[in-house]
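If you read the sequence from its start, that first residue is 1, and numbering goes on from there. Keep in mind that the numbers below use all heavy atoms, side chains included, and drop hydrogens, waters and symmetry copies.
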Amino acid sequence: MLALGVRRQVPAGQILIHEGQRQSHLVLIEEGLTKVTAALPDGRTALLSLRVGGDLVGEMSALNDRPRSATITACGPTRYSVITSERFRTFLTGNPDAALELAAMVSDRLRWSNRRRIDFSSYPVKIRVARVIAELSRTHGRQAPHGVVIDVRLTQSELASICGASETSVQKILRELRTDGLVDTDYRRMTVRDLPRLRSLGQLEPDEC
């Protein structure tokens with residue numbers, strides 16, 4: 001797939017894909033961190049997910065020729081490849097294993113999205129925050145001497161958005177988690193000090209996260 005696209009490199013803050021635009025190319029992130037956001041009816045922006053090196057974004061519009069459903073923004077220096085939908089479809093036709101991997105990826109993202117919807121309607125905010133932080137530990141964490149460091153620079157507003165909670169509520173819960181010795185926080189970085197207890201607080205089974 002690396003041979004299919006045109007490689008580009010952008011600084012933090014650059015938008016790779018604009019919500020609502022009619023474009024059919026997709027993006028293969030090679031290195032860096034990006035965030036997936038969508039506009040809300042009240043004018044706010046919701047953080048839907050994060051994507052890192054090795055992830056594909058924009059695949060839905062590439063396959064169904066519909067307008068972009070979200071905006072993809074680089075959170076730091078990012079290197080990526082732009083692949084036309086025509087070349088991508090030809091590649092999938094000639095590589096059925098890749099097509100199966102794509103189907104599995106889309107399925108995983110749908111499962112994650114469905115779980116967030118269930119979380120929002122079924123669990124109080126503290127459990128939702130614990131579940132999201134535990135998930136970030138799995139997907140974006142690295143083991144360190146004093147815990148799992150989440151190398152994702154999220155603002156409290158962005159964390160609140162992905163948890164489906166108010167920023168004030170998330171601030172209060174983070175204070176409680178710090179007091180309980182579950183997490184440490186500094187400038188946009190978080191360290192999970194006790195992941196098993198955090199998973200227990202989030203009512204997660206060991207194989208869920």
Side-chain angles (χ1 to χ4, degrees), residues 1-120 132 135-136 138-142 150-155 158 161-162 164 208-209:
M1 285 193 63
L2 289 174
L4 297 178
V6 177
R7 286 181 169 175
R8 296 177 180 173
Q9 188 160 345
V10 295
Q14 184 74 32
I15 294 178
L16 280 59
I17 288 175
H18 292 261
E19 179 182 3
Q21 288 192 354
R22 278 198 170 274
Q23 301 168 324
S24 59
H25 66 271
L26 70 156
V27 170
L28 172 61
I29 302 170
E30 297 184 29
E31 184 177 336
L33 171 71
T34 64
K35 59 183 178 182
V36 183
T37 59
L40 297 175
D42 62 6
R44 293 180 298 131
T45 298
L47 176 64
L48 304 180
S49 61
L50 301 167
R51 297 287 179 256
V52 296
D55 281 335
L56 280 174
V57 293
E59 73 285 346
M60 290 193 298
S61 292
L63 294 175
N64 63 20
D65 198 30
R66 299 288 299 277
R68 301 296 193 188
S69 60
T71 294
I72 314 295
T73 307
C75 297
T78 301
R79 188 174 70 246
Y80 63 99
S81 290
V82 176
I83 304 171
T84 65
S85 61
E86 293 79 9
R87 298 194 73 179
F88 184 59
R89 292 181 185 186
T90 300
F91 173 78
L92 293 179
T93 301
N95 295 271
D97 287 347
L100 289 174
E101 287 292 333
L102 176 66
M105 180 195 76
V106 173
S107 176
D108 284 342
R109 291 179 180 178
L110 178 60
R111 182 181 297 111
W112 190 89
S113 178
N114 287 341
R115 196 168 90 176
R116 290 283 80 75
R117 291 190 182 96
I118 294 171
D119 287 355
F120 294 166
V132 168
E135 175 72 12
L136 290 173
R138 183 183 69 82
T139 56
H140 302 291
R142 59 177 174 84
I150 300 175
D151 282 321
V152 176
R153 296 195 172 188
L154 288 179
T155 65
E158 289 171 333
S161 175
I162 206 170
E208 282 190 88
C209 184

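When all heavy atoms of A74 and P11 are compared, the pair lying nearest together is CB-O, 3.7 Å. Closest non-hydrogen pair, S24 versus S85, comes out as O-CB, 3.1 Å. Among all heavy-atom pairs drawn from A70 and I17, the shortest one is O-CG2, 3.7 Å. Of all non-hydrogen atoms in H140 and L50, the two that sit nearest each other are NE2-CB, 3.7 Å. The heavy-atom pair separating S69 from A38 by the smallest distance is O-CB, 4.2 Å.
Within the 3.5 Å criterion, the main-chain N or O of G58 finds a donor-acceptor partner in the side chain of R68. R87 places no side-chain N or O within donor-acceptor distance of the main-chain N or O of M1, the cut-off being under 3.5 Å. Judged by distance alone, with hydrogens and angles left aside, the side-chain atoms of T93 form a donor-acceptor pair with the main-chain N or O of R89 at under 3.5 Å.
F88 places a side-chain heavy atom less than 4.5 Å from the side chain of L56. In this structure, Q14 and T78 have side chains that are not in contact, with every pair of non-hydrogen atoms separated by 4.5 Å or more. Under the 4.5 Å side-chain criterion, counting only non-hydrogen atoms from C-beta, E158 is not in contact with T37. Side-chain atoms of R66 and M60, non-hydrogen and from C-beta on, never get closer than 4.5 Å to each other. Side-chain contact between E101 and M105: absent, with no pair of heavy atoms (C-beta onward) separated by less than 4.5 Å. In this structure, I72 and V27 have side chains that are not in contact, with every pair of non-hydrogen atoms separated by 4.5 Å or more. Side-chain contact between V52 and D55: present, with at least one pair of heavy atoms (C-beta onward) separated by less than 4.5 Å. Between E30 and S81 there is a side-chain heavy-atom pair separated by less than 4.5 Å.
Of the residues listed (L63, L100, D97), the one engaging L92 in a side-chain contact (heavy atoms from CB on, under 4.5 Å) is L63, and it is the only one.
To the nearest 0.5 angstrom, H18 atom NE2 is 7.0 Å from T71 atom OG1. Residue L48 holds its CG atom at 11.5 Å from NZ of K35, rounded to the nearest 0.5 Å. Separation of atoms CD (E19) and OG1 (T73) is listed at 10.5 Å; rounding is to 0.5 Å.
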